[in-house]
Chemist: 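Supplied in structure tokens, the structure appears directly below.
Computed over heavy atoms, backbone and side chain alike; hydrogens, waters and symmetry mates excluded. Letters A, B, ... are given to chains in the order of the sequence lines, protein chains preceding strands, and every chain is numbered from 1.
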Amino acid sequence: MPELPEVEVVRVGLAEHILDRTITAVEVLHPRAVRRHHAGDGDFSAQLLGTTLADACRRGKYLWLPIADSLGGPPMVSLLAHLGMSGQLLVGTRRVADQVHLRVRLRFADDTDLRFVDQRTFGGLSVEPLTPDSTSGHLSPAVPEPIAHIARDPLDPSFDVDEFATRLRRRRTGIKRALLDQGLVSGIGNIYADEALWRARLHYARPTETLNRPTIARVLDAVAAVMREALAQGGTSFDRLYVNVTGQNGYFDRSLDVYGREDRPCHRCGAPIARQPFMNRSSYFCPRCQPLPRRARY
DNA sequence: CAGCGTACCTGTAAGC
DNA sequence: TGCTTACAGGTACGCT
């Protein structure tokens with residue numbers, strides 16, 4: 001469930017299903033799933049056992065669940081999750097059979113459980129200290145230490161457009177590479193980058209230093225709009241790897257304008273959508289609506 | 001040090 | 001049919 005809308009669908013599901021329940025067992029079935037927890041899987045389990053998860057938070061593609069403080073103060077640590085390319089967080093019960101790629105399970109006192117299922121094991125869980133937020137904005141809730149460098153995402157009310165524009169124009173790269181840089185703006189992945197650039201009519205290799213303020217605002221508006229629309233449809237699911245906490249898939253794949261539509265007609269002008277290799281993957285775009293700039297940065 | 005290429009995994013689908 | 005290759009929603013690390 002990789003990009004922001006899909007992760008937000010999961011966050012909402014976690015908030016509805018697993019908060020304020022005592023964790024009675026922690027099972028790490030694949031050590032790679034907790035490789036970011038440097039103290040090891042024994043410590044990972046020990047830090048969670050007997051606690052409750054107080055909230056479900058997200059920035060970009062990262063999720064975290066603050067652990068209720070035993071003395072009643074504000075949480076000091078949190079369970080941090082990243083879904084990588086194929087991770088799922090599923091709410092189940094004792095009677096649900098183990099998934100093939102089940103990596104970690106937290107059991108709760110009421111017979112429900114939270115399962116981290118991940119085919120490719122690029123995702124993972126860890127327990128991390130919470131630290132005051134260093135990014136811009138008036139509200140400064142705590143964030144897990146390893147994601148302190150992750151920028152705010154376009155759906156964050158404290159996202160600072162001016163700061164983003166300044167930093168973007170200092171870059172010497174193409175617009176798509178910049179949009180995928182989670183330290184500059186978070187939550188955007190390969191699907192929504194291509195969809196937003198199509199909406200903003202910009203080629204993915206357009207040099208960032210050539211973008212003026214109105215154009216940058218247009219790109220950000222396109223990103224936010226496509227993400228809100230995707231969220232309303234439960235996210236994008238090409239296959240059963242991408243589902244919410246109860247195993248339901250999203251429907252935004254039907255609304256995609258360019259991603260995965262090579263050789264099919266552009267929804268605006270009818271020209272065949274092009275696909276080009278990009279960062280070991282693909283970029284999809286309309287060669288007529290999004291012409292190659294005179295100078296290009298890939 | 002910013003920017004870019006590659007490695008990390010497993011599975012599916014297409015090509016021969 | 002079976003083997004090989006290309007590709008997949010992401011990030012981290014090493015090299016230049």
Side-chain angles (χ1 to χ4, degrees), chain A residues 1-10 29-38 58-63 80-89 99-103 116-126 128 144 146-151 153 166-196 204-205 207-209 223 226-227 230-231 233-244 249-253 255-256 258-263 275-284 296-298:
Chain A
M1 271 264 167
E3 303 184 48
L4 186 153
E6 294 77 33
V7 178
E8 176 63 12
V9 166
V10 172
L29 295 107
H30 195 309
R32 193 174 144 78
V34 293
R35 68 193 180 285
R36 295 264 157 62
H37 190 95
H38 299 297
R58 180 190 57 74
R59 173 169 294 178
K61 304 171 195 172
Y62 286 87
L63 281 170
L80 178 64
H82 196 289
L83 302 177
M85 290 281 267
S86 54
Q88 305 174 349
L89 286 167
Q99 289 79 0
V100 173
H101 301 293
L102 178 63
R103 308 305 190 194
F116 179 65
V117 176
D118 189 8
Q119 176 192 102
R120 295 175 72 182
T121 67
F122 289 171
L125 307 180
S126 58
E128 305 287 354
I147 71 157
H149 69 288
I150 298 295
D153 61 64
T166 302
R167 294 185 64 200
L168 182 70
R169 295 180 63 169
R170 280 204 294 257
R171 295 291 173 103
R172 291 297 176 267
T173 189
I175 180 63
K176 183 170 173 182
R177 267 186 193 277
L179 291 179
L180 295 178
D181 183 342
Q182 306 296 302
L184 185 63
V185 53
S186 68
I188 306 170
N190 208 32
I191 294 177
Y192 297 109
D194 282 1
E195 292 297 312
Y204 67 91
T208 49
E209 71 268 29
V223 171
V226 71
M227 283 181 168
L231 183 54
Q233 299 296 312
T236 301
S237 310
F238 298 125
D239 53 46
R240 298 319 317 262
L241 286 182
Y242 303 93
V243 293
N244 67 15
N249 62 280
Y251 296 96
F252 194 69
D253 58 311
S255 304
L256 295 173
V258 282
Y259 191 88
R261 296 192 63 247
E262 183 179 19
D263 296 334
R275 179 174 72 88
Q276 287 179 357
F278 178 81
M279 293 173 78
N280 285 328
R281 291 188 181 71
S282 300
S283 277
Y284 296 90
R297 288 185 186 274
Y298 296 91

Chemist: Taking NE2 from A/His82 and P from C/dT11, how many angstroms apart are they, rounded to a whole number?
Modeler: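 It works out to 4 Å between those atoms.
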
Chemist: Listed by chain and number, what are the salt bridge (charged side-chain N to carboxylate O under 4.0 Å, His left out) partners of A/Arg167, not counting sequence neighbours?
Modeler: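 So A/Arg167 forms no salt bridge (charged side-chain N to carboxylate O under 4.0 Å, His left out) with any residue.
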
Chemist: Ignoring backbone atoms, test whether A/Ser282 places a side-chain nitrogen or oxygen under 4.0 Å from the OP1 or OP2 oxygen of C/dA8.
Modeler: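 The answer is yes; a side-chain N or O of A/Ser282 sits under 4.0 Å from OP1 or OP2.
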
Chemist: Determine yes or no for a side-chain-to-main-chain donor-acceptor pair under 3.5 angstrom, with A/Arg103 supplying the side chain and A/Gln119 the backbone.
Modeler: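 Yes; at least one donor-acceptor contact below 3.5 Å.
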
Chemist: Nucleotide by nucleotide, 5' to 3', does protein get under 4.0 Å of the base (B), only the sugar-phosphate (S), or neither (-) in nucleotides 4-14 of chain B, counting heavy atoms?
Modeler: SSB-BBBS---

Chemist: In terms of relative ring orientation, are A/Tyr62 and A/His82 parallel, tilted or perpendicular, with 30° and 60° separating the classes?
Modeler: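 Ring orientation of A/Tyr62 relative to A/His82: perpendicular.
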
Chemist: Starting at CG of A/Leu168 and ending at C1' of B/dA2, how long is that distance when rounded to a whole Å?
Modeler: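 After rounding, the gap between these two atoms is 14 Å.
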
Chemist: Does A/Gln88 use its side chain to pair, donor to acceptor, with the backbone of A/Ser86 at less than 3.5 Å?
Modeler: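 No, the answer is negative, given that no donor and acceptor are paired below the 3.5 Å cut-off.
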
Chemist: Side chain to side chain contact (heavy atoms under 4.5 Å, CB included) for A/Phe116 and A/His30? Distances and angles first, verdict last.
Modeler: CA-CA 10 Å; A/Phe116 179 65; A/His30 195 309; over 6 Å; no

Chemist: Determine the contact category for A/Arg275: base if any of its heavy atoms lies under 4.0 Å from a base atom, sugar-phosphate if only primed atoms, P, OP1 or OP2 are that close, otherwise nothing.
Modeler: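 The residue A/Arg275 makes sugar-phosphate contact but no base contact.
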
Chemist: Watson-Crick or G-U wobble partner for B/dA14, using a 3.5 Å limit on both distances?
Modeler: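 Base partner found: C/dT4.
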
Chemist: Students often get this wrong, so: under 4.0 angstrom with heavy atoms, is A/Phe278 touching a base, only sugar-phosphate, or nothing?
Modeler: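 Since no nucleic acid heavy atom lies under 4.0 Å of A/Phe278, the category is nothing.
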
Chemist: What does A/Arg36 touch in the nucleic acid at a heavy-atom separation under 4.0 angstrom: a base, only the sugar-phosphate, or nothing?
Modeler: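 Here A/Arg36 touches the backbone only, sparing every base.
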
Chemist: Measure from CD1 on A/Ile147 to C1' on C/dA12 and round the result to the nearest Å.
Modeler: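 In whole Å, C/dA12 C1' and A/Ile147 CD1 are 16 Å from each other.
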
Chemist: How close or far is atom P of C/dC7 from atom CD1 of A/Ile191, stated in whole angstroms?
Modeler: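 For the pair A/Ile191 CD1 and C/dC7 P, the rounded distance is 17 Å.
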
Chemist: Tell me the interatomic distance from A/Leu179, atom CG, to C/dT11, atom P, rounded to whole angstroms.
Modeler: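 Distance, rounded to whole Å: 13 Å.
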
Chemist: Please work out if A/Tyr192 contacts a base, only the sugar-phosphate, or nothing of the nucleic acid, heavy-atom cut-off 4.0 Å.
Modeler: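 Nothing, no nucleic acid heavy atom in range.
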
Chemist: Can you measure A/Arg170 atom CZ to B/dA2 atom P for me and round it to whole angstrom units?
Modeler: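 Distance check: A/Arg170 CZ to B/dA2 P gives 10 Å.
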
Chemist: For A/Tyr284, give me all partners under ring pair (Phe, Tyr, Trp, His ring centres under 6.0 Å), at least two apart in sequence or on another chain.
Modeler: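 Result, ring pair (Phe, Tyr, Trp, His ring centres under 6.0 Å) vs A/Tyr284: A/Tyr259.
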
Chemist: Write down the distance between NZ (A/Lys61) and C1' (C/dA12), rounded to a whole number of angstrom.
Modeler: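 From A/Lys61 NZ to C/dA12 C1': 13 Å.
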
Chemist: Whole-Å distance between C/dA8 C1' and A/Tyr242 OH?
Modeler: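 Those two atoms, OH and C1', are 7 Å apart.
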
Chemist: Is the side chain of A/Arg35 donor-acceptor paired with the backbone N or O of A/Arg32 at a distance under 3.5 Å, no angle test?
Modeler: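 Side chain of A/Arg35 to backbone of A/Arg32, a donor-acceptor pair under 3.5 Å: yes, one is there.
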
Chemist: Could you tell me how far C/dT11 sits from B/dC1 if I compare only their P atoms? Round to whole Å.
Modeler: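 Looking at atom P only, B/dC1 and C/dT11 are 23 Å apart.
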
